[in-house]
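Here's the structure, in structure tokens; my notes come after.
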Amino acid sequence: MVIAMIEWIMLAVSILVFPGILFLISLSLFTQWYYRKLSGRLQNRMGPTYVGPAGLLQPLMDLWKLIHVKEMAVNKYSLPSLAQFFGLLGISALVVSLLLFPLSPYHVTGPYDFLVFIYLVSLWVPLSMLIMSLSMPGPYTSTGVSRLLTFITLIEPSFFAALLAPVALASARTGIPYSVLEASKNVIYCWANPVLLPVMVLSLVAAIVVLQAKAMFQPFNIPEAEQEIIAGYETEFSGPLLGLASLMHDMDIAVTAIAITYLILGGPYPFPHLSVPGIVLLIIKYMAVVTVATIIKNAFGRYRIEQALNTIFKYALIPAIVALILAMIYLYA
Amino acid sequence: MYGLMAGDPGTVALVLSLLMWVVFGVLALIYLAVRNNRVRRTDVYLSGEPESIVNKPSPSPANLYWGFLKKFAYGLYKQLRDKVHTGNLQDWVNFMAGWYGLLLIIAIIVGIIYLLKW
């Protein structure tokens, strides 16, 4: 009875506080602050400075202002309730996806649960974003959505393949194959195996390119393409709805970076989570992933749609598929 | 360690989908409590132009066609076409024989591995 009660409490804590709603919102706002600040410094600007120490609370203030203060502008074609419904649903999918990782005090795990992770982050999140945009129609929005759809045809398969190779290698011979939990714990040993090193490097390169494209950082910011198509798929969003869309976008970046940190770079392992070296290593890996993405963002200009697709094809999909074939040869030959 | 160890991915998907709706409920309550309920009616944003300059509020889905098929997929197809259709029959024979030969070798290797039960 007491054990069952503790299980329920841990589940509630995992969903509501860590690594659920509270933590994920905080992490995504911190990530936004970090890439804005670093981008600012790389461009000889200050970046966020006004709210909190070094502008740390600026993303929180921006979110609060959008949701609590600003009004929502709607036109006669808008369906704002549907847009808000899918905004919240997309955020919910991202929150529960973290229960699959060892980061969570309450784990949900099972064989092939990696497929469930992909179902949550590669189906619900893009679908929510697309329906949100289509619920607030306009010419610029539709152009942005069609570009986003075009992107998704390559990004999501690349994301799946880039993570599948390390997940297969690290978990296939454990008792729970293709499990996110087991893969996170064991993937660090794949880096120590010289035969598997090329597979890990290919997967990492593919995953970084995918993160860049999922985050819509330069050179892959053609779906929002400021100045050219105003704000692309986000053009008709305003007030609370813009707050939700922006939060979902930042959470998507945070969850993708967490997935790369755990499933390719091995999270805190070989140290345990609740140890100083483990926490430091985890933070270093996460920050390294976001830093690389931010540096690439600032080093490139915007690609045209076909240039972006060719780049994703060459540097994400092909390396990911090659890594996957090599991993399968290693496992089953 | 607390958690649920499921025997199949279907159960994991079911549990996480149910939890997704729980999170949705919590977030919806928080969002409805803090959001600004004021709504302002505007026209579709058209860079200051009137709505009459477009015949539909949404452009055609042909964007997807032009972006993906014409520019990206056609590029891949063009490479393949230029490799195969050089106008020289010998090139075509080499291409087909090369790929069929590779497939045949793979099939023989896989067959041997299967028969020897490696």
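Here is how names work: the chains are called A, B, and so on, in the same order as the sequence lines, proteins then strands, and each is numbered from 1.
- Residue A/Tyr112 touches chain B through both its backbone and its side chain, counting heavy-atom pairs closer than 4.5 Å.
- For A/Leu134, no part sits under 4.5 Å from any heavy atom of chain B, backbone or side chain.
- The closest side-chain donor-acceptor pair between A/Glu182 and A/Ser171, if any, does not fall under 3.5 angstrom.
- The choice from A/Gln307, A/Lys76, A/Glu7 that makes the most heavy-atom pairs within less than 4.5 Å of chain B is A/Glu7.
- The environment of A/Met61 atom CE is sparse: at most 12 non-hydrogen atoms of other residues, nucleotides or ligands sit within 6.0 angstrom.
- Your options are A/Phe85, A/Trp64, A/Phe117, A/Phe151, and the one with the most heavy-atom pairs under 4.5 Å with chain B is A/Phe85.
- In terms of modelled atom types and a separation under 3.5 Å, the side chain of A/Ser26 and the main chain of A/Leu22 share a donor-acceptor contact.
- In this structure, chain B has no heavy atom under 4.5 Å from any part of A/Ile9.
- Ranked by heavy-atom pairs shorter than 4.5 Å toward chain B, the options A/Leu16, A/Asn310, A/Leu99 are led by A/Asn310.
- Residue contact with chain B, scored on non-hydrogen atoms closer than 4.5 Å, involves the backbone and the side chain of A/Val96 alike.
- For chain B, the nearby parts of A/Pro111 are the backbone and the side chain; heavy atoms of each come within less than 4.5 Å.
- Put simply, of A/Thr109, A/Ile91, A/Ile15, the one with the most heavy-atom pairs under 4.5 Å next to chain B is A/Thr109.
- Summarising the geometry of A/Pro19 relative to A/Leu98, their closest heavy-atom pair is O-CD1, 3.2 Å, with the distance given to 0.1 Å.
- At a 4.5 Å heavy-atom cutoff, A/Leu66 makes no contact with chain B through either its backbone or its side chain.
- For B/Val26, the part lying under 4.5 angstrom from a heavy atom of chain A is the side chain only.
- Annotation for A/Tyr178 and A/Ala168: closest pair CE2-CB, 3.5 Å, computed over non-hydrogen atoms.
- Under the 30°/60° scheme for interplanar angles, the aromatic rings of B/Tyr74 and B/Tyr77 are found to be tilted.
- Of the listed residues (A/Met136, A/Met10, A/Arg304, A/His107), the one with the most heavy-atom contacts under 4.5 Å to chain B is A/His107.
- In this structure, the portion of A/Leu100 lying under 4.5 Å from any heavy atom of chain B is its side chain and not its backbone.
- Comparing A/Ser97, A/Ser92, A/Ala93 by how many heavy-atom pairs each has under 4.5 Å with chain B, the most go to A/Ser92.
- The neighbour count for A/Leu274 CG, taken as heavy atoms of other residues, nucleotides or ligands under 6.0 Å away, does not exceed 12.
- Neither the backbone nor the side chain of A/Phe114 has a heavy atom closer than 4.5 Å to any heavy atom of chain B.
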Applying side chain to side chain contact (heavy atoms under 4.5 Å, CB included) to A/Lys70 and B/Asn36, what does each step give before you reach the verdict? CA-CA 7 Å; A/Lys70 292 280 181 182; B/Asn36 184 350; 5.6 Å; no
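- Contact of A/Val69 with chain B is made through the backbone alone, with heavy-atom distances under 4.5 Å.
- Most heavy-atom pairs under 4.5 Å with chain A, from the set B/Gly7, B/Gly3, B/Ser17, B/Gly10: that is B/Gly3.
- Within a 6.0 Å radius of OH in A/Tyr315, other residues, nucleotides and ligands contribute 12 heavy atoms or fewer.
- Panel note: side chain A/Ser238, backbone A/Ala73; a donor-acceptor pair is recorded below 3.5 Å.
- A distance below 6.0 Å separates the ring centres of B/Phe24 and B/Trp21.
- Only the side chain of A/Ile21 has a heavy atom closer than 4.5 Å to any heavy atom of chain B.
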